[in-house]
2 protein chains.
Amino acid sequence: MTASSGNAREALAALDPRLPLHARLREALTTRLRGGEWTPSEPLPAESELAQDYGVSLGTMRRVLTELVDEGLLERRQGSGTYLRRMQAQNSLFRFFRHHRQGDAVPTGRILTRETRPAPAEVARALGKRTGTKALRLHRLRSYDDEPFLVEDIWLPLPAFAPVRDVELTEIGDLLYPVYEQLCGLVIGSADEELWVELADAEVAELLGCAPGEPVVVVERVARTHAGDPVEVRRSRGLASTFRYRVEIR
Amino acid sequence: MTASSGNAREALAALDPRLPLHARLREALTTRLRGGEWTPSEPLPAESELAQDYGVSLGTMRRVLTELVDEGLLERRQGSGTYLRRMQAQNSLFRFFRHHRQGDAVPTGRILTRETRPAPAEVARALGKRTGTKALRLHRLRSYDDEPFLVEDIWLPLPAFAPVRDVELTEIGDLLYPVYEQLCGLVIGSADEELWVELADAEVAELLGCAPGEPVVVVERVARTHAGDPVEVRRSRGLASTFRYRVEIR
DNA sequence: GAGTGGTCTAGACCACCCT
DNA sequence: GGGTGGTCTAGACCACTCA
């Protein structure tokens with residue numbers, strides 16, 4: 001047994017043994033891939049070698065690699081090897097950013113308020129928690145070139161998101177999902193969105209720089225982990241007159 | 001070998017032998033499933049039995065069944081069996097009907113005008129045709145209980161859609177995609193949609209029963225075949241005040 | 001308890017890429 | 001030619017469902 005195979009086996013043994021082997025293997029591999037051990041230019045070790053390192057059968061290793069390929073994390077090239085997918089940041093971080101404005105520029109995101117509150121009934125239900133459960137609420141303004149275009153109201157369940165409550169606001173960048181991942185270990189994998197139009201109240205009108213009563217588009221998103229657990233409820237409001245939203249349906 | 005296993009093996013043998021076994025098996029199984037041999041209430045034969053019928057290994061059968069589950073055609077219930085998924089009609093025909101109104105009711109669709117016209121530049125570009133290419137334009141009103149809620153402007157390239165131009169209007173039901181499939185052999189497989197808000201002009205206002213200048217939501221859809229060829233451009237307008245749109249992002 | 005899908009293994013052969 | 005992923009097989013044991 002080589003040193004590295006020892007490490008790989010240890011990483012696997014450290015995980016909850018009640019989970020199926022393929023689930024533990026998947027978690028161990030994902031952690032290692034996100035850790036930056038490999039670049040998209042060089043192949044991972046061969047499937048057979050990985051299987052040996054982790055002490056699993058080739059079939060189990062192939063099953064997990066297939067899942068990670070389906071998920072968009074890896075890329076297989078027959079005869080050549082298995083590679084990290086390029087543009088992974090675009091995929092994993094921007095995948096849920098659907099408001100279509102000037103090209104692919106990233107808007108800035110400034111957090112206006114951050115407070116702990118009991119979750120309203122509707123939010124608690126969407127998160128699968130009891131009404132009144134403690135939650136973190138973020139009020140956030142997103143802008144292009146200092147021009148506000150989206151007001152966001154974000155609810156995160158506690159204590160899972162306690163690190164987001166405690167971190168310095170200056171540590172939080174323009175995108176939240178990488179923060180969830182790095183501080184809380186939660187990776188967003190899917191979401192439901194619902195859109196409708198309502199009229200701006202005084203607060204939203206002031207933030208967006210329009211008159212109260214002007215139509216605004218509301219996007220309500222419930223974001224889930226890969227396992228399907230809802231972990232974020234987000235309501236975004238933007239001026240209807242300049243709003244664009246794009247979706248690809250497969 | 002039983003009679004049915006003979007049939008299953010024959011169905012497999014009739015397919016292009018250059019394809020991998022799992023691809024042939026998948027095609028044979030899909031055809032049989034769509035043929036209505038099983039209902040969602042009764043399980044398919046066990047995986048092991050199916051594998052034997054088709055003369056493939058359990059592993060290969062499981063691989064194909066897993067793919068069909070991922071695709072949404074089947075549903076596995078451990079300890080119980082493998083079942084056709086319910087609401088399959090909803091999936092294949094209503095999959096692109098995203099305007100969310102009272103439950104899962106189907107709105108009626110009435111064609112107001114049908115005419116042959118040169119396609120405007122924007123439409124021609126979306127369809128991958130030259131500007132001015134002949135196209136079929138449908139003007140359509142969709143209602144719930146005789147209450148109009150959506151005005152649709154639909155462009156279809158000719159001559160591919162000539163059968164839709166020539167068929168009696170009374171032969172066209174409330175859903176167009178089954179018509180495309182039956183008359184033209186074109187199956188819609190994916191689509192892009194883009195949403196924005198504009199103000200109702202006189203014609204739209206009259207059809208929707210609102211005042212001119214009221215905000216309406218516009219959904220522009222470019223629908224494609226499974227092969228990815230764009231074959232329909234559709235612009236739908238609905239009253240912003242009652243509009244709801246829902247999407248699942250994976 | 002009988003039957004189902006879920007997990008995991010071990011090994012064979014092929015198609016493809018690279019040098 | 002040597003190594004990679006792709007296909008396919010055979011069989012063992014477990015967890016779950018249902019009568």
Side-chain angles (χ1 to χ4, degrees), chain A residues 5 8-9 12-13 15-29 33 38-85 227-228, chain B residues 5 8-9 12-13 15-29 33 38-85:
Chain A
S5 80
R9 281 163 201 247
L12 213 50
L15 296 172
D16 189 340
R18 291 169 303 182
L19 291 173
L21 180 58
H22 67 83
R24 278 174 282 161
L25 178 58
R26 179 185 167 139
E27 191 169 329
L29 252 184
L33 289 168
W38 297 284
T39 68
S41 323
E42 57 185 351
L44 270 56
E47 299 180 337
S48 53
E49 190 181 334
L50 281 172
Q52 218 167 7
D53 286 353
Y54 281 93
V56 303
S57 79
L58 183 58
T60 301
M61 181 54 73
R62 274 189 61 79
R63 169 179 176 162
V64 169
L65 291 176
T66 301
E67 287 174 1
L68 295 180
V69 166
D70 287 346
E71 200 181 301
L73 200 64
L74 294 178
E75 191 182 328
R76 279 196 176 113
R77 296 184 211 152
Q78 181 172 121
S80 171
T82 305
Y83 299 78
L84 250 186
R85 258 188 85 176
Chain B
S5 80
R9 281 163 200 247
L12 214 50
L15 296 172
D16 189 339
R18 291 168 302 182
L19 291 172
L21 181 55
H22 67 84
R24 279 173 282 161
L25 178 58
R26 181 186 165 137
E27 190 170 330
L29 252 184
L33 289 167
W38 296 283
T39 68
S41 322
E42 56 185 351
L44 270 55
E47 299 179 337
S48 52
E49 191 180 333
L50 281 173
Q52 220 168 5
D53 286 353
Y54 281 91
V56 304
S57 78
L58 185 57
T60 302
M61 181 55 72
R62 275 188 62 78
R63 170 179 174 162
V64 169
L65 290 175
T66 300
E67 287 174 0
L68 295 180
V69 166
D70 287 346
E71 199 182 301
L73 199 65
L74 294 178
E75 191 182 327
R76 279 198 177 112
R77 295 183 212 153
Q78 180 171 140
S80 170
T82 304
Y83 297 79
L84 250 186
R85 259 188 83 175

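Letters A, B, ... are given to chains in the order of the sequence lines, protein chains preceding strands, and every chain is numbered from 1.
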Would you say D:dT17 has OP1 or OP2 under 4.0 Å from some side-chain N or O of B:S80? no
Touch class at under 4.0 angstrom, heavy-atom based, for A:R62 against every strand present: base
Distance below 4.0 Å between B:T82 side-chain N/O and C:dG5 OP1 or OP2: yes
A:E67 CD to C:dC8 P: how many Å, rounded? 11 Å
Would you mind telling me which residue lines up with the more 5' stretch of DNA chain C, A:A23 or B:A46, judged by nearest nucleotide? B:A46
B:L74 CG - C:dG5 C1' separation (whole Å): 13 Å
Separation of B:L68 atom CG from C:dG5 atom P, in whole Å? 14 Å
If I take atom CD in residue A:E75 and atom P in nucleotide C:dC17, what distance separates them, rounded to the nearest angstrom? 14 Å
Please report the closest heavy-atom contact between A:V64 and A:R26, naming both atoms and the distance. CG1-CA, 3.6 Å
Value in whole Å for how far the C1' atom of C:dT4 lies from CG of B:L58: 11 Å
Is A:R76 near enough to D:dG6 that one of its side-chain N or O atoms lies under 4.0 angstrom from OP1 or OP2? yes
Would you please confirm or rule out a distance under 4.0 Å between OP1 or OP2 of D:dT7 and any side-chain N or O of B:R63? yes
The answer to which of A:V56 and A:R77 contacts DNA chain C further toward the 5' end, by nearest nucleotide, is A:V56
Nearest whole angstrom, please: distance from the C1' of C:dT9 to the CG of A:L25. 14 Å
Would you say the side chains of B:T82 and B:R77 form a donor-acceptor pair under 3.5 Å? no
Can you check the A:H22 NE2 to C:dT9 P distance for me, whole Å? 11 Å
Geometric cation-pi criterion, B:R9 with B:Y54: 6.0 Å, 45°: no
Among C:dC8, D:dA15, D:dT9, which nucleotide has an atom closest to any side-chain atom of A:S57? C:dC8
Going from CG on A:L50 to CE on A:M61, what distance comes out if it is rounded to the nearest 0.5 angstrom? 4.5 Å
Is B:E67 paired with B:R62 through a side-chain N to carboxylate O contact shorter than 4.0 Å? no
A:Q52 CD to D:dG5 P, in whole Å, measures 14 Å
Of the listed nucleotides D:dT7, D:dT9, C:dG5, the one nearest the side chain of B:Q78: C:dG5
